[in-house]
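Residue numbers count from 1 along this sequence.
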Amino acid sequence: MDLGLTNKVALVTASSKGLGRACAEALAAEGAKVAICARNEADLRRTAEEISKITGTDILAVTADMTKPEDINRLVEKTAAYFGALHILVTNAGGPPGGDFFDFDDAAWLSAFELSMMSAVRLIRAAVPHMRAAKWGRVINITSLSVKEPLAPLVLSNATRPSVHGLAKTLANQLGKDGITVNNIMPGYTRTDRIVEYGEAVAKQTGKSVEEVFGDMGKPVPVGRIGEPGELGALAAFLSSEKAAYISGASIPVDGGAIRAAF
Ligand code: NAP
């Protein structure tokens, strides 16, 4: 299937590793021109070189922190200036810290909201004028399965990420007439650095191997395993494509069936 992504310009944030990197790689493999960002410059440059080598495309790497409004504006404008357009935005950022409700003060709550919600607000606000100019656009927010099924130790994530879905539905209604779709992808447990670190910590506590820990995490999942980043990247590329023009305002899990709700 030709996804019609050749020469489309995409910005994927928080993308030197994990799910962001997988989205950037999938888009680049389909012929899109891709900008990536992260805070650690050395990791970012290495990833840009690796994706470039694998896909044969030019990757723009911009060091930027998604909690800083000035970094977000600089990132969006640099991407549009470098490639001459901006058609696709994949919003992603690190997750808020885990913990119980009584662990967090107001400052922690506000930081979580800045990270999860305001990064998406600021990115979309800066990117949509470029999409409107092209009369074509795709916004995809990476959130979490915790939006549909809150996870016990992640109260900050459980409470702040749903706001991104409210925003996406509102914008899907507003921007459809401009040829812009807005969707969310909700990952389940996926083998990224973040989850590998968690797996290593559990392995240390339990005396199991990391693969055994991942095996245990995959047992309650209907497909019987945790996910691979490329499985989410493939959906991001499809939602970014010409073929997905009639999918908007949707929230799609990539979780092996882990969310038990019917809809
Ligand atoms: P990861 O493997 O730890 O990768 C995170 C990436 O984001 C890195 O490139 C990191 O680079 C970058 N990053 C983190 N904070 C940033 C910031 N403030 N500004 C710019 N870049 C930033 O994480 P992941 O597993 O891919 O997770 C991505 C998102 O999906 C997170 O919000 C996570 O909570 C969510 N999620 C993940 C899973 C899962 O199982 N993996 C499940 C549900 C939801 P730097 O550190 O250099 O900035």
>> Looking at every non-hydrogen atom in both residues, tell me the closest pair between Leu156 and Ala112 and how far apart they are.
In response: CB-CB, 4.0 Å
> Does some side-chain heavy atom of Ser240 sit less than 4.5 Å from a side-chain heavy atom of Leu5?
Replying inline: yes
> Under a single-linkage definition using a 4.5 Å side-chain heavy-atom cutoff for Ile, Leu, Val, Met, Phe, Trp and Tyr, are Tyr189 and Val196 assigned to the same hydrophobic cluster?
Replying inline: yes
> Are the side chain of His87 and the backbone N or O of Val9 linked by a donor-acceptor pair below 3.5 Å?
Replying inline: yes
> At what distance, to the nearest 0.5 angstrom, does NZ of Lys78 lie from CG of Leu11?
Replying inline: 12.5 Å
> Val254 and Leu27: same hydrophobic cluster, using ILVMFWY side-chain contacts below 4.5 Å?
Replying inline: yes
> If every non-hydrogen atom of Ser157 is compared with every non-hydrogen atom of Ser146, which pair is closest and at what distance?
Replying inline: OG-OG, 3.3 Å
> Hey, is NZ on Lys53 packed in by over 12 heavy atoms from elsewhere, all under 6.0 Å?
Replying inline: no
> So, do Thr63 and Cys37 sit near enough that their side-chain heavy atoms are less than 4.5 Å apart?
Replying inline: no
> Hey, is the main chain of Gly99 close enough, under 3.5 Å, to the side chain of Asp103 for a donor-acceptor pair?
Replying inline: no
> Given the rule in the side-chain hydrogen bond (donor to acceptor under 3.5 Å, both in side chains) test, do Tyr198 and Asp193 qualify, once you have shown the distances and angles that lead to the verdict?
Replying inline: CA-CA 9 Å; Tyr198 169 77; Asp193 282 15; over 6 Å; no
>> Given 3.5 Å as the limit, does a donor-acceptor pair link the side chain of Lys243 with the main chain of Leu3, or not?
In response: no
> At their closest point, which heavy atom of Ala203 faces which heavy atom of Ser209, and how far apart are they?
Replying inline: CB-C, 4.1 Å
> Of the non-hydrogen atoms in Met217 and Ile195, which two are nearest, and what is the gap between them?
Replying inline: CE-CG2, 4.0 Å
>> Treating Asn183 as the side-chain partner and Ile247 as the backbone partner, does any N or O pair qualify as donor plus acceptor under 3.5 Å?
In response: yes
> Quick one: does Ser248's side chain have a donor or acceptor within less than 3.5 Å of a partner on Val182's backbone?
Replying inline: yes
> Does one hydrophobic cluster hold both Trp109 and Val147, with members joined at side-chain heavy-atom distances below 4.5 Å?
Replying inline: no
>> Using the rule given for side-chain contact (heavy atoms from CB on, under 4.5 Å), can you reason through Leu60 versus Val34, listing the C-alpha separation, both sets of side-chain angles and the distance that settles it, and then say yes or no?
In response: CA-CA 6 Å; Leu60 174 66; Val34 180; over 6 Å; no
>> salt bridge (Lys or Arg N to Asp or Glu O under 4.0 Å), that's the test. Do Arg46 and Glu41 meet it? Break it down for me.
In response: CA-CA 9 Å; Arg46 193 176 327 111; Glu41 189 168 3; over 6 Å; no
> Heavy-atom count around Phe83 CZ within 6.0 Å, excluding the residue itself: above 12?
Replying inline: yes
> Should Phe113 and Pro96 count as side-chain neighbours, where that means a heavy-atom distance under 4.5 Å?
Replying inline: no
> Please walk me through it: do Thr13 and Leu123 pass side-chain contact (heavy atoms from CB on, under 4.5 Å)?
Replying inline: CA-CA 9 Å; Thr13 64; Leu123 282 161; 3.7 Å; yes
>> Looking at every heavy atom in both Leu19 and Pro229, which two are closest together, and how far apart are they?
In response: CD2-CA, 4.2 Å
>> Looking at Ser16, is its backbone amide N or carbonyl O close enough to the side chain of Thr47 to form a donor-acceptor pair, meaning the two atoms are under 3.5 Å apart?
In response: yes
> Is a side-chain N or O of Glu149 found less than 3.5 angstrom from the main chain of Arg260, in a donor-acceptor match?
Replying inline: yes
> Between Arg191 and Glu211, does at least one N-O distance fall below 4.0 Å, as a salt bridge requires?
Replying inline: yes
> Is there a side-chain contact between His165 and Thr143, using heavy atoms and a 4.5 Å cut-off?
Replying inline: yes
>> Surrounding CZ of Phe238 (heavy atoms of other residues, nucleotides or ligands, distance under 6.0 Å), is the total greater than 12?
In response: yes
>> A side-chain contact here means heavy atoms from C-beta on lying under 4.5 Å apart; do Ile142 and Cys23 qualify?
In response: yes
> Given Asp43 and Lys17, is the side-chain contact (heavy atoms from CB on, under 4.5 Å) satisfied, shown in steps?
Replying inline: CA-CA 8 Å; Asp43 287 348; Lys17 297 178 186 170; 3.5 Å; yes
>> Working to the nearest 0.5 angstrom, can you tell me the gap between Arg138 CZ and Leu86 CG?
In response: 13.0 Å
> From Leu75 CG over to Arg122 CZ, what is the distance, rounded to the nearest 0.5 angstrom?
Replying inline: 13.5 Å
> Think Arg132 forms a cation-pi with Trp136, using NZ or CZ under 6.0 Å from the six-ring centre and within 45 degrees of its axis?
Replying inline: no
>> Assess the residue pair Thr55 and Thr57 against the criterion (side-chain hydrogen bond (donor to acceptor under 3.5 Å, both in side chains)); give the C-alpha distance rounded to whole Å, side-chain angles, the decisive distance to 0.1 Å, and a yes or no.
In response: CA-CA 5 Å; Thr55 62; Thr57 54; 2.8 Å; yes
>> Walk me through whether Asn184 and Val164 qualify under side-chain contact (heavy atoms from CB on, under 4.5 Å).
In response: CA-CA 8 Å; Asn184 306 302; Val164 176; 4.2 Å; yes
> Applying salt bridge (charged side-chain N to carboxylate O under 4.0 Å, His left out), which residue pairs with at least one partner in residues 21-39 are found, sequence neighbours left out?
Replying inline: Arg21-Glu25, Arg21-Glu50
> Is it true that Leu115 and Phe104 fall in one hydrophobic cluster, defined by side-chain heavy atoms closer than 4.5 Å?
Replying inline: no
> Between atom CG of Leu145 and atom CD1 of Ile185, what is the distance when rounded to the nearest 0.5 Å?
Replying inline: 13.5 Å
> Between Lys135 and Asp178, is a salt bridge (Lys or Arg N to Asp or Glu O under 4.0 Å) present by the stated rule, with each step listed?
Replying inline: CA-CA 5 Å; Lys135 296 187 174 24; Asp178 298 318; over 6 Å; no
>> Tell me whether Lys68 is salt-bridged to Glu114, with the criterion being a basic N under 4.0 Å from an acidic carboxylate O.
In response: no
> Taking all non-hydrogen atoms of both residues, which atom of Ala28 and which atom of Ile51 are closest, and how far apart?
Replying inline: CB-CG2, 4.0 Å
>> In the structure I gave you, are the side-chain heavy atoms of Met131 and Leu89 within less than 4.5 Å of one another anywhere?
In response: yes
> Between the side chain of Asn92 and the main-chain N/O of Ala14, is any donor-acceptor distance below 3.5 Å?
Replying inline: yes
> How about Glu231 and Thr190: do any of their side-chain heavy atoms sit closer than 4.5 Å?
Replying inline: no
> Quick one: does Leu167's side chain get under 4.5 Å of Ile124's, heavy atoms only?
Replying inline: yes
>> Test of understanding: clusters of I, L, V, M, F, W, Y form through side-chain heavy atoms closer than 4.5 Å, transitively. Do Val139 and Ile88 belong to the same one?
In response: no
>> Does atom CG (Asp100) have a neighbourhood of more than 12 heavy atoms from anything else shown, all under 6.0 Å?
In response: yes
